[in-house]
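The figures that follow rest on heavy atoms only: side chains count, while hydrogens, waters and symmetry mates do not. Start at 1 and go down the list; that is how both ligands and their atoms are numbered.
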Amino acid sequence: MLGSSLLKILPLLAGVGHAVNLSVARDGGNASSPLMYGIMFEDINHSGDGGIYAELIQNRAFQGSIEFPSTLAPWEAVGNAKLSLQNNTVPLSSALPTSVNVAQGAGSRAGGVIGLQNPGWWGLSVKPQTYTGSFWALGSYKGQFTAKLQSATTSHVWASVQIKSECEQSKWVEHKFQFKPPVAAPDTNNTFVLEFNTGHGSVNFNLISLFPPTYNDRPNGNRPDLMKGLKGLKPSYFRIPGGNNIEGDTFNYRWKWNETIGPLTQRPGRPGTWGYENTDGLGLVEYLQWCEDLEVEPVLAVWSGVYLNGYNNANPDVIPEADIGIYVQDALNELEFIMGDVSTEYGALRASLGYPKPWKINYVEIGNEDNLSDPASYTSYRFMAFYDAIHAAYPDMKLISSTGDLTAVSGHSGTDYHEYARPNIYATQFGLWDNANRSHPILLGEYATIQGNKADPSTPVDWSGAEPRLQYPIWVGAVSEAIYTLGAERNGDIVIGASYAPGFQNLNDFQWSPDLVSFNADPDQVAFSTSYYAIQLLSSHRYTHTAPMTSDSGFGPAFYVAGVNSGTTEYTFKAAVYNTTAPIPFNIDFEGLKQGAKSKLTVLNAPSGLSYNVAGGQNVVKETVTELVAKKGGVFSFELKEYDIAVLTTF
Ligand code: AHR
C-alpha cells in the first residue's frame, strides 16, 4: 500500500460533506492482487445438490449414512404402488447399495399402472427444452416404462416418453430417455413420474436422474442461470470444496476426493456438515470444469486432519501426529490426480476417466478455520506436515493456512482470514491491512455482513442464535463490505483475494443466511443480492497497479482507492460513502490527463440502507452512469452521497 498512507482514516462519526481534492499519480503503486474478487463454494443451503448442480431429481439414489440414513422421501407412490427401500443381493454398485422396490399394492388390478414420482428440489421447472434422463432397473419386466413431467396440481402432462424395458432378472440395466415439453409450465409445481404396467412382478430402480440443459452443455453439469450469474460477477478464483463441508462432522466423514470422481454409480455420497447427505454428483472433476467454464483460478482446500464433531469445536476428533502421514499422502494423491502426467498412478486414473489433459492448481488451502478446530495440533504438526510434503512436490504452489493469522505459516505460504460482521464494523476496517505484517499474503476467504447495526457501533455479531440473521444482504451491508474490500484492494501487495460467503441459498431449505445468491426451482426467480451487485461493480474494474494518491482530507465518510494499468493513463477510481449528512464533492486529477480528458462514472445506490433483493422481485440496486469531462487542470468533479458505491474509469 503506497501513497494513501498520507491519508488518515477518520472515526465512524456521521460525516459532513467536505470536498475531497485528490491527485492521483501514475507510478509508484503496488502490483494489484492476483485473485482479488472470487467465489466461495461448499454444499450449504443446498447450494450444490438442489442448487447449482442441475440434477432435478431429489434423492435420486437413496444414498445414506449412519448420520443421515437412506430414506424414500420425497418419492411417492403412483397408482397404488407400494414403495420400499431394499438392499438387494445384487446391488447397483458397492457405492449405491440401496434401491427402491416398486411393487403392486394390495388390491391393485393386474394390468394397471404403478410407479413412483418425485417433486424435484421443491419444484421442477418445465420449459420447452430437452430434458435428458436415465434410470437403472432390476427385474423381469418386459413392457414399456413411461417417464413424464406433469403438473402436481392438475396432472396435466407437459412431456412424456415411452422407454422399452431392457430389464433382466438379476442384472441392473441402465435405461436412457429424452423428452421436450412443447410449452413451458406456468409454475414449478410439477412432478417427475416413472411408471410401468403391473402383472410382471416388481421392479427395483436406482439412480433415477433427470437433467435440463446445463451450462456449456456439460453432462452432469450446472444450472445455466446460476452459472451465468457467477460469470457476471467477473470472479477470478473459486474456493472449493468448503468451508466446514470439507471437514466432516465426525470420523471418516471428511470430504474424500476419490469418492467424488468417476461414474455416478461409483460415488457413495457422504453426510455433509450442513444437515443432509451430499450426493457428490458435484465432485472434484465437476469443480475443476466449473473453474474452466468461469475461467477462474481454483483455490483448492485439502483436509487437514480434524473433524468438526457436530460443530463441537471444543473437542474435535483430531488425527494424531503418528497417523497424519496417511492424509498428507491422500492430499498428494489428489494433486497428482489433478495435475499429474498420465504416466503417474493418479494421472493415469484421471485419464482413464476421460480427462487425459491435466488441470493446474496454483493455490492450495490446508484445512478450513483451523483457528477454531484444535489450533494447537494445527500449529504444532498438522499444518507443517501438509506444507512440507506439498511444497517439496510443488515448490511453486502457493499454500495457505486456515487460521487467518500467522500462527501457521511457512516460507511463501499465506493465510485465510474469515470475518462475518455488522456494517458498522466493516466500515471501520478500511485500514485493517495498512499496518499488517507484510511477510505473508492474506486471503479473505469468507466475509459477509450477517446482522444489522446496533446503537453502539462497536457491537460485534451475535453468534448465540438469540439475534436473528439477516435473511438477505442489505444495501448498507453491501456498502460496508465494499469499504472492507476497497481497503483490501489498496493493500494488494498482501491481500490476494476476497470472497463473500456463502455463495448460494436455496430458499426452500437453508442453514445459513444471508447469502450472495438466493434461488428456488424457478430460474426466473433468482435473487442476486445487493452485495452481489456491489461486488460485480468492483470486480468488473481491475487494474494492474494501485495508483498513489495525495489528498487534502482523510478517509471517512468517503473511502476510496485508485489504480492504473501500468504504462498507460487508464485509471480506475473506486469509492464507497458511508454515514454522511451531505453529499461529498470530489475533485480528482490524474497524472498525465489534461483538460478535456473523459471518464465514465458508474454509481450504485438503493432506496435505503435496509433495501434488499428478494426472489422474483425487482432489483433494488439502481445504477447511474455519467460521462465526465475533465475541467481546467485535468480535474474531474462529481458528488457522491451516502451509501453510493462508485467506479470512475478514464478513457
Ligand atoms: O460460509 C459458511 C461457513 O462459515 C463456512 O462453512 C465456514 O468456513 C464458516 O464458518
- Task: Answer side chain, backbone, both or neither: which part of Asn245 comes under 4.0 Å from ligand 1, heavy atoms only.
- Result: neither
- Query: Taking heavy atoms and a distance under 4.0 Å, where does Trp274 meet ligand 1: side chain, backbone, both or neither?
  - Reply: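 It is the side chain that gets close, since no backbone atom is under 4.0 Å.
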- Glu42 N/O under 3.5 Å from ligand 1 N/O: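 Yes, since at least one N or O of Glu42 sits under 3.5 Å from an N or O of ligand 1.
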- Item | Mutual orientation of the aromatic rings belonging to Trp121 and His46 [parallel < 30°, tilted 30-60°, perpendicular > 60°] | tilted
Considering only the protein, which heavy-atom contact is closest to [atom], and what is its distance?
{"atom": "atom 8 (O) of ligand 1", "result": "Glu446 OE2, 2.7 Å"}
{"atom": "atom 10 (O) of ligand 1", "result": "Glu369 OE1, 2.9 Å"}
{"atom": "atom 1 (O) of ligand 1", "result": "Tyr420 OH, 2.8 Å"}

- Neighbour count >12 (heavy atoms, 6.0 Å) for atom OH, Tyr612: no
- Note on the structure: From the list Tyr484, Tyr426, Phe559, Tyr578, side-chain contact (heavy atoms from CB on, under 4.5 Å) partner of Val479 resolves to Tyr578
- What's the shortest heavy-atom distance between Ser499 and Tyr237, and which atoms? OG-OH, 2.5 Å
- Which atom pair, heavy atoms only, marks the closest approach of Ser33 to Met36?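 Shortest heavy-atom contact: OG-SD, 3.5 Å.
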- Message: Just to check, does Gly242 reach to within less than 4.0 Å of ligand 1 when the distance is taken from its heavy atoms?
- Response: no
- Salt bridge Arg239-Glu446, side-chain N to carboxylate O under 4.0 Å: yes
